[in-house]
Amino acid sequence: MRFTVYTLFPGLIAPYLEEALLARAVRQGLVEVELRDLRRFAGNRTGRVDDAPYGGGAGMVMRVDVAGQAVAELAQDDPPPDDIVLLSPAGEPLTQPLVQELAQRRHLALLSGRYEGFDARVERLVTREISIGDYVLMGGELPALVVMEAVARLVPGVLGDAESHQQESFTTGLLDYPEYTRPPSYQGLEVPEVLKSGHHGKVAAWRRLQALRRTFERRPELLERAPLTEEERALVAQWRAEAD
Ligand code: SAM
């Protein structure tokens with residue numbers, strides 16, 4: 001999986017790629033990240049890539065021609081990106097299904113904004129816009145890292161245990177079940193007995209029930225789309241009736 005990130009601040013992103021699992025994935029050649037400085041396209045000696053907004057108002061806007069040169073440069077890449085993503089609070093929300101879709105690509109380009117964001121015409125130059133959540137950050141560097149990390153961990157070989165992302169939150173359509181490790185007792189807080197029973201069937205059933213219950217309590221809207229058995233749907237209906 002290859003990522004090409006355009007940013008005004010490559011130095012904000014680079015250190016994150018030098019530690020832990022992402023660093024290992026890069027060393028092993030499973031993930032390739034190229035950081036490209038948008039200032040190269042400023043076309044002036046000061047390196048300014050922004051200008052005042054038409055119509056007035058606070059802040060500066062990143063120029064469309066700067067993004068246009070990045071997109072033209074990407075077309076020369078071998079292979080060119082399968083998607084050119086503009087990181088924007090107004091984009092499609094990043095969800096695990098979207099992450100799974102992006103993980104099928106060979107090459108993803110990510111365009112990070114700053115200031116008031118890019119000139120709106122940039123939306124016509126990219127293939128999609130992604131938001132990492134309903135809040136506004138100062139720039140697209142953290143969103144680029146969030147997208148890269150979420151996608152990279154689905155690349156085969158990046159996580160040690162191939163199964164470790166099969167059961168986690170959102171992949172099953174539910175939140176993850178609660179996990180415990182030693183010690184079995186901590187200040188009166190106990191690990192549930194069933195997990196110490198060694199009975200795989202009972203453990204699996206308990207975990208599924210916990211995942212269902214947690215999702216019902218914390219993110220009930222996820223249950224609308226989660227693949228549930230008839231029995232689980234009936235159970236959720238019963239919980240709903242009890243809660244009313
Ligand atoms: N004026 C913009 C708005 O209200 O939508 C916010 C611009 S923000 C200060 C500057 C840049 O940060 C954006 O161009 C985008 O690249 C990035 N950014 C900020 N929050 C983001 C989010 N939630 N998801 C994705 N990118 C974000």
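Computed from a predicted structure; not experimentally measured. Only heavy atoms go into these numbers, but all of them, side chains included; no hydrogens, no water, no symmetry mates. Indexing begins at 1, ligand by ligand and atom by atom, following the structure's order.
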Self-check item: Transitive ILVMFWY cluster of Leu222, excluding itself - 4.5 Å side-chain cut-off
Solution: Phe170, Leu175

Quiz item: Given side chains that start at C-beta, do those of Glu32 and Val26 come closer than 4.5 Å, heavy atoms only?
Solution: no

Quiz item: Among side-chain atoms of Thr4 and Glu34, is any donor-acceptor pair under 3.5 angstrom?
Solution: no

Self-check item: Option passing side chain to side chain contact (heavy atoms under 4.5 Å, CB included) with Leu111 (candidates Val122, Val85, Leu87, Thr7)
Solution: Val122

Quiz item: In terms of heavy-atom contacts, does CD of Glu230 have more than 12 from other residues, nucleotides or ligands at under 6.0 Å?
Solution: no

Could you list each nitrogen or oxygen of ligand 1 that sits under 3.5 Å from a protein nitrogen or oxygen, with the atom names and the distance?
from	atom 1	to	atom 2	distance (Å)
ligand 1	1 (N)	Glu116	O	3.2
ligand 1	1 (N)	Glu116	OE1	3.3
ligand 1	12 (O)	Gly140	N	3.4
ligand 1	16 (O)	Leu87	O	2.6
ligand 1	16 (O)	Gly113	N	2.9
ligand 1	20 (N)	Leu137	N	3.0
ligand 1	23 (N)	Gly133	O	3.0
ligand 1	23 (N)	Tyr135	O	2.8
ligand 1	24 (N)	Ile132	N	3.1
ligand 1	26 (N)	Ser88	N	3.3

Practice problem: Show your working on side chain to side chain contact (heavy atoms under 4.5 Å, CB included) between Glu73 and Phe41 and close with a plain yes or no. | Solution: CA-CA 10 Å; Glu73 185 174 67; Phe41 304 128; 3.6 Å; yes

